[in-house]
Engineer: 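Take this structure first; my questions come after.
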Amino acid sequence: MDLPIHPSKGLRGQFSVPGDKSISHRAVLFGALAEGETTIEGLSNAADVRSTISCIEALGVETESGGARFIIHGKGPRGFRKSQSSLNAGNSGTTMRLLSGILSGQRFDSVIVGDSSLSRRPMKRIIEPLKRMGANIAATPEFTAPIQISSTYGLKPIDYELNPPSAQVKSAVLLAGLYADGTTRVIENVPTRDHTERMLGLTVKPFGNKHAIEIRGGQKVLPRKFVVPGDISAATFLIAAAALVPNSEITIKNVGLNATRSSVLNCFRSMNVALQMANVHEEGGEPCGDIVVATSDISNGVEVRGDIVPLVIDEIPMLAVTSMFADSVFTLRDATELRYKESDRIASIVQNMRKLGIDIEEYPDGFAFQGKKDLIGTALESYGDHRIAMAFGVAGLRIPGISIRGAECVDISFPGFWNAIQA
């Protein structure tokens, strides 16, 4: 779908975003691992989360959807049954990686497949530690999907240091640790999203100048009620839209403010975006609150590199596009991971920005450019990547003549996004 974006005269009022995608995936998987009934409120309706749901259903887990609640009748870690067909993770790397950890401890064979985009994404970083634990897991010669996991009758615990940092790899190893005879430790020297630790109540200990997350083999996952806050990654696009469009002031309700996710707000503040928090509270172990944003003078550039990169990895496309409107320099380094997302996000951003008239220098691990005022409206590619589509769609609220090719891909994470910003 080619979607023309019309310049906005102002965004006003209250907005909501889908439930946090990272928390939603985990709530579904942890509910399946528990013995008994788990309820989830605020579950994301994104296509990626629906992929996780379809996979656990194929493994014999029953679910119910009733109004605002989603119910999972958990089977326990050993209660899954062999799927009659390949498990389809769709476009969801989180589904494929976390499910690989769970399936590595099962006493039946499994195959996990994905769409054409996911099938190009590297899986070596989960395969190597899972093999160290004794998993019978294999992929293509390029370490891409399909992932084939053969039956095992026990895994061994390991100490595994994350390099590079990745919350998905961390979670895959920890979930495999449920099936190990002993304590598995994942060691981080750079913090990543900590939803798995919070939601499973795992022990986090100092480990020299690093920290280690521990899980005991055979540890029970208890059924419970999860309340999923709004996705801060999705809120990022609305924050940028309100900041960039004249005559705007919006409140984004009930957004997750977990410290391992909210660094993007500090980046926006560094750009001189006028935002503030309201109604800050905690739900289900996760801090959340409302974000109030008004039209801002985007006057400062920002440098994203080093330890900050894994904390804003999903928000980089929107941060970069916002910076196009500042008469200052945006620099991204140490972000090679972006090459292996739904698209090569470094190349996708660079190519679209050049079409808009930005003089941008590309590096193996990032890019740098100077913002400018006279940007050119033109047709831009989504590259089948929801975050690229939304970031440049927001630019179209300021620049006449922008259209987004393949705009339907936003349903992967934010169904209804186009209606929200063009209302």
Engineer: Should the heavy atoms of other residues, nucleotides or ligands under 6.0 Å from CG of Asp2 be counted, would the total exceed 12?
Structural biologist: yes
Engineer: Quick one, Arg121 and Glu342 - any side-chain contact, counting heavy atoms below 4.5 Å?
Structural biologist: yes
Engineer: With a 4.5 Å limit on heavy-atom distance, are the side chains of Gln370 and Ile358 in contact?
Structural biologist: no
Engineer: Can you find a pair of side-chain heavy atoms, one from Ile232 and one from Ser262, that are under 4.5 Å apart?
Structural biologist: yes
Engineer: Would you compute the distance between atom OG1 of Thr52 and atom CE of Met96 and round it to the nearest 0.5 angstrom?
Structural biologist: 11.0 Å
Engineer: Verify, without hydrogens or angle tests, whether Asp231 (side chain) and Lys21 (backbone) share a donor-acceptor contact under 3.5 angstrom.
Structural biologist: yes
Engineer: For a side-chain hydrogen bond (donor to acceptor under 3.5 Å, both in side chains) check, start with the C-alpha distance between Ser117 and Asp115, then their side-chain angles and the critical distance, and finish with the verdict.
Structural biologist: CA-CA 5 Å; Ser117 172; Asp115 66 11; 4.5 Å; no
Engineer: Return yes if some donor-acceptor pair links the side-chain N/O of Asn300 with the main-chain N/O of Ser270 below 3.5 Å, else return no.
Structural biologist: yes
Engineer: Please give me the minimum heavy-atom distance between Ala89 and Ile112, naming the atom from each residue.
Structural biologist: CB-CG2, 4.2 Å
Engineer: Could you tell me if the side chain of Phe80 sits less than 4.5 Å from the side chain of Leu103, heavy atoms only?
Structural biologist: no
Engineer: What's the verdict on side-chain hydrogen bond (donor to acceptor under 3.5 Å, both in side chains) for Lys170 and Thr192, showing C-alpha distance, side-chain angles and the deciding distance?
Structural biologist: CA-CA 9 Å; Lys170 172 175 66 176; Thr192 64; 3.0 Å; yes
Engineer: Taking Val245's backbone N and O only, do any of them form a donor-acceptor pair with Thr295's side chain (distance below 3.5 Å, no angle check)?
Structural biologist: yes
Engineer: Are the side chains of Val394 and Leu244 in contact, using a 4.5 Å heavy-atom criterion?
Structural biologist: yes
Engineer: Got a donor-acceptor contact below 3.5 angstrom from the Tyr179 side chain to the Pro77 backbone?
Structural biologist: yes
Engineer: Which pairs count as side-chain hydrogen bond (donor to acceptor under 3.5 Å, both in side chains) when at least one residue sits in residues 392-407, sequence neighbours excluded?
Structural biologist: Glu381-Arg405
Engineer: Taking NZ, NE, NH1 and NH2 as the nitrogens, is one of them in Glu286 or Arg261 under 4.0 Å from a carboxylate oxygen of the other?
Structural biologist: no
Engineer: To the closest 0.5 Å, what do you measure between SG (Cys409) and CG (Asn91)?
Structural biologist: 8.5 Å
Engineer: Around atom NZ of Lys225, are there more than 12 heavy atoms from other residues, nucleotides or ligands closer than 6.0 Å?
Structural biologist: no
Engineer: I need the minimum non-hydrogen distance between Leu43 and Ser24, along with the two atoms involved.
Structural biologist: CD1-CB, 3.6 Å
Engineer: Could you walk me through whether Asn272 and Asp297 pass side-chain hydrogen bond (donor to acceptor under 3.5 Å, both in side chains), step by step?
Structural biologist: CA-CA 7 Å; Asn272 202 37; Asp297 177 18; 4.7 Å; no
Engineer: Say whether Ser348 and Ser343, considering side chains only, have a donor N or O and an acceptor N or O under 3.5 Å apart.
Structural biologist: yes
Engineer: Can any side-chain N or O of Trp418 pair as donor or acceptor with the backbone N or O of Val410 at less than 3.5 Å?
Structural biologist: no
Engineer: Using 0.5 Å steps for rounding, measure from the CD1 atom of Ile137 to the CD1 atom of Ile149.
Structural biologist: 4.0 Å
Engineer: Take a 6.0 Å sphere around CZ of Arg216 and say whether it holds more than 12 heavy atoms from other residues, nucleotides or ligands.
Structural biologist: no
Engineer: When you compare the side chain of Pro229 with that of Ile23, does any pair of heavy atoms fall below 4.5 Å?
Structural biologist: yes
Engineer: Just by modelled atom types, is the Pro223 backbone N or O under 3.5 Å from a matching donor or acceptor in the Glu37 side chain?
Structural biologist: no
Engineer: Quick one: does any side-chain atom of Thr144 pair with a main-chain N or O of Arg120 as donor and acceptor, under 3.5 Å?
Structural biologist: no
Engineer: Please check: side-chain N/O of Arg132 versus main-chain N/O of Glu128, any donor-acceptor pairing under 3.5 Å?
Structural biologist: no
Engineer: Keeping the roles fixed (side chain from Ser296, backbone from Val273), state whether a donor-acceptor pair exists under 3.5 Å.
Structural biologist: no
Engineer: Test your reading of the model: is there a side-chain donor-acceptor pair from Asp365 to the backbone of Ala335, 3.5 Å cut-off?
Structural biologist: no
Engineer: A side-chain contact here means heavy atoms from C-beta on lying under 4.5 Å apart; do Ser44 and Val228 qualify?
Structural biologist: no
Engineer: Got a sec, which residues hit salt bridge (charged side-chain N to carboxylate O under 4.0 Å, His left out) with Asp314, two or more places apart in sequence or on another chain?
Structural biologist: Arg193, Lys341, Arg345, Arg387
Engineer: With sequence neighbours left out, which residue pairs that include part of residues 246-281 fulfil the ring-ring contact (aromatic ring centres under 6.0 Å, His included) condition?
Structural biologist: none
Engineer: Picking from Val28, Ile71, Val227, what satisfies side-chain contact (heavy atoms from CB on, under 4.5 Å) with Ile40?
Structural biologist: Val28
Engineer: Give a yes or no on this: more than 12 heavy atoms of other residues, nucleotides or ligands lie within 6.0 Å of atom CZ of Arg339.
Structural biologist: yes
Engineer: Quick check: do Val49 and Asn45 have side-chain heavy atoms less than 4.5 Å from each other?
Structural biologist: no
Engineer: Which label fits Phe330 and Phe367: parallel for a plane angle under 30°, tilted from 30 to 60°, or perpendicular past 60°?
Structural biologist: parallel
Engineer: Could you walk me through whether Ser413 and His386 pass side-chain hydrogen bond (donor to acceptor under 3.5 Å, both in side chains), step by step?
Structural biologist: CA-CA 7 Å; Ser413 64; His386 53 126; 2.6 Å; yes
